[in-house]
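Below is one structure, written out as structure tokens; comments come after it.
Note: hydrogens, waters and symmetry copies are ignored here, and every other heavy atom, side chains too, is used.
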Number of protein chains: 2
Amino acid sequence: MDVRSICLGILTRGEATGYEIRKVFEGSGFQHFAEASFGSIYPALSRLTEEGLVSVREEAQKKRPDRKVYSITPAGRSAFLAGLMKTLPEDRHRSPFLFAMLFSDLLPGSRVRFLVDDYIAQGEQKLAQLERKQKETLLPGERFAIGLGHTMYTAMLEFLRMHRGEIEEQLPQAAE
Amino acid sequence: MDVRSICLGILTRGEATGYEIRKVFEGSGFQHFAEASFGSIYPALSRLTEEGLVSVREEAQKKRPDRKVYSITPAGRSAFLAGLMKTLPEDRHRSPFLFAMLFSDLLPGSRVRFLVDDYIAQGEQKLAQLERKQKETLLPGERFAIGLGHTMYTAMLEFLRMHRGEIEEQLPQAAE
DNA sequence: TCGATTTATATCGGGCCTATATAGGCTAGG
DNA sequence: CCTAGCCTATATAGGCCCGATATAAATCGA
């Protein structure tokens, strides 16, 4: 989803600063389907303000950068929901790990084993994070999204443990 | 993975045109972890040629645009493998569908049901495609990547069928 | 006490995608 | 038989987004 919609979506739940919007998707168990960087959030909020879809309240703090608290306007809420009524873009998944595994026959067996170990460890961390999140009070949609992530990471880890041997067993012609 | 590496990777398996590189990831069962558009492939191949990592052979066809067939050079092969030996970037997954589900409480129930139906249908198509691909002769790494995709899509579909009720049951305050 | 982390905004360069342009051949349906 | 749409094939421009960097002070931990 584009960063504009991400910002509007967060703001439907209450006012927030750019910094806070970023943190919602940072280490919070949502990264498996949406995220946005500062470099895109701040320009997006500026443009949304120009267009009247959000409003700003500047809290000039003593000796700190001005805290700009954004709120969604009625026009912004309409635009956000209108966006969700149009055809959604397709999912996009990028996995440098799986791409690398495509060429496991060209890599030293030790490298393949390391990459698999590392990927499993990362998956376990994300699973633990999702489980922590599941204990919090969540909206139905949030519970659903977290639950789906949990299911998929669990299935992924099981597959990795079951099938890693198929790419780690080096064929004779490949050098170790 | 960056487009440069994707191009080099394909070319380790044999020469190809930009058009053919694109097609490898188009409807071929690999889209769930890697893809690249023409708009990035052609510039990437030009730069790789300048850098000596690939070489071109121009086949001037009668009344057709020149077919530029690219081959990887020894330097290109080294650079590609060196890239796979460095720390890999993390996976990045974007799902406008799951993002929209986060706001299922703000949407009409009919819209939520439509989106879920559509997403399930798409998932079934991808699963069928992966199963067709599994019947082909594949390298171990390819079989592994396709198998993992199959496992995850299967788990995803099961979750969707089991839990869709949790977001489709509208709470009283939400309008239909 | 001093360094690291956190809060907080902003910009620049670069990478990648979408849409568009060009152009002729093939194929299926009317 | 014609023609519309798709396939092959390369290329560019505009725009979106990310990563890195800059700035600046407060707070927390060793």
Side-chain angles (χ1 to χ4, degrees), chain A residues 1-8 10 15-28 31 33-51 54 56-70 83 86-94 96 99, chain B residues 1-8 15-28 31 34-51 54 56-70 83 86-94 96 99:
Chain A
M1 215 57 184
D2 59 300
V3 175
R4 287 164 56 86
S5 299
I6 288 176
C7 291
L8 289 176
I10 302 298
E15 56 178 34
T17 65
Y19 187 76
E20 287 164 347
I21 290 173
R22 159 79 211 204
K23 281 202 304 177
V24 171
F25 292 96
E26 198 191 61
S28 60
Q31 323 90 306
F33 64 89
E35 203 161 0
S37 69
F38 289 130
S40 49
I41 289 172
Y42 287 118
L45 287 172
S46 299
R47 241 192 82 194
L48 289 169
T49 307
E50 279 174 39
E51 295 171 16
V54 304
V56 208
R57 170 168 51 83
E58 286 199 40
E59 284 182 10
Q61 316 189 108
K62 332 165 184 171
K63 312 251 182 168
R64 274 260 196 125
D66 293 7
R67 223 173 96 93
K68 294 189 182 174
V69 184
Y70 293 89
K86 287 193 297 184
T87 305
L88 299 178
E90 279 195 27
D91 286 14
R92 288 191 39 204
H93 300 306
R94 295 300 140 92
F99 176 77
Chain B
M1 216 58 185
D2 60 298
V3 176
R4 287 165 57 86
S5 299
I6 287 176
C7 292
L8 289 175
E15 55 178 34
T17 66
Y19 188 76
E20 287 165 348
I21 289 173
R22 158 79 210 204
K23 282 203 303 179
V24 171
F25 291 96
E26 198 192 62
S28 60
Q31 322 91 305
E35 202 161 359
S37 69
F38 289 130
S40 49
I41 289 172
Y42 287 119
L45 286 172
S46 299
R47 240 193 85 196
L48 288 169
T49 307
E50 281 173 36
E51 296 172 14
V54 304
V56 209
R57 170 168 51 84
E58 284 199 41
E59 284 181 10
Q61 316 189 108
K62 333 167 184 173
K63 313 251 183 171
R64 275 261 193 123
D66 293 6
R67 226 174 94 93
K68 294 187 182 175
V69 184
Y70 293 89
K86 287 194 298 185
T87 305
L88 300 178
E90 278 195 28
D91 286 14
R92 287 192 39 203
H93 301 307
R94 293 301 138 91
F99 176 77

How about B:Lys86 and B:Leu88: do any of their side-chain heavy atoms sit closer than 4.5 Å?
->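 Not in contact.
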
Taking the side chain as C-beta and beyond, is there a heavy-atom pair between A:Met1 and A:Pro89 under 4.5 Å?
-> yes

Stepwise side-chain contact (heavy atoms from CB on, under 4.5 Å) test for B:Leu48 and B:Cys7 | CA-CA 9 Å; B:Leu48 288 169; B:Cys7 292; 4.0 Å; yes

Would you mind reading off the distance between [X] atom [atom1] and [N] atom [atom2], rounded to a whole angstrom?
{"X": "A:Glu26", "N": "C:dT5", "atom1": "CD", "atom2": "C1'", "value": "12 Å"}
{"X": "A:Glu15", "N": "C:dA8", "atom1": "CD", "atom2": "P", "value": "13 Å"}
{"X": "A:Tyr42", "N": "D:dA22", "atom1": "OH", "atom2": "P", "value": "18 Å"}
{"X": "B:Leu45", "N": "D:dT12", "atom1": "CG", "atom2": "C1'", "value": "15 Å"}
{"X": "A:Leu48", "N": "D:dC17", "atom1": "CG", "atom2": "P", "value": "11 Å"}
{"X": "A:Tyr19", "N": "C:dT7", "atom1": "OH", "atom2": "P", "value": "4 Å"}
{"X": "A:Lys23", "N": "C:dT5", "atom1": "NZ", "atom2": "P", "value": "16 Å"}
{"X": "A:Arg57", "N": "C:dT9", "atom1": "CZ", "atom2": "C1'", "value": "17 Å"}

Rounded to 10 degrees, the angle between the two terminal axes of the helix from C:dT1-D:dA30 to C:dG30-D:dC1, each from five pairs | 40°

With B:Ser46, which residues qualify under side-chain contact (heavy atoms from CB on, under 4.5 Å), at least two apart?
-> none

In chain order, what residues pass the side-chain contact (heavy atoms from CB on, under 4.5 Å) check against A:Val69, with sequence neighbours excluded?
-> A:Glu15, A:Thr17, A:Arg57, A:Glu59, A:Arg67

Only pairs under 3.5 Å count here: list side-chain donor-acceptor contacts from residues 34-45 of chain A, not counting sequence neighbours, and write none if there are none.
unit_1: A:Ser37; atom_1: OG; unit_2: A:Ser40; atom_2: OG; d: 3.4
unit_1: A:Ser40; atom_1: OG; unit_2: A:Ser37; atom_2: O; d: 3.0

Summarise protein proximity over nucleotides 15-21 of chain C in one line of letters, 5' to 3': B for base, S for sugar-phosphate only, - for none, counting protein heavy atoms closer than 4.0 Å.
-> SSBB---

All side chain to side chain donor-acceptor pair (under 3.5 Å) counterparts of A:Glu51, not counting sequence neighbours | A:Arg4, A:Arg47

Expected output: side-chain B:Glu58 to main-chain B:Lys68 donor-acceptor under 3.5 Å = no

Evaluate the criterion side-chain contact (heavy atoms from CB on, under 4.5 Å) for residue pair B:Tyr70 and B:Ile21; output intermediate values, then yes/no.
-> CA-CA 10 Å; B:Tyr70 293 89; B:Ile21 289 173; 5.7 Å; no

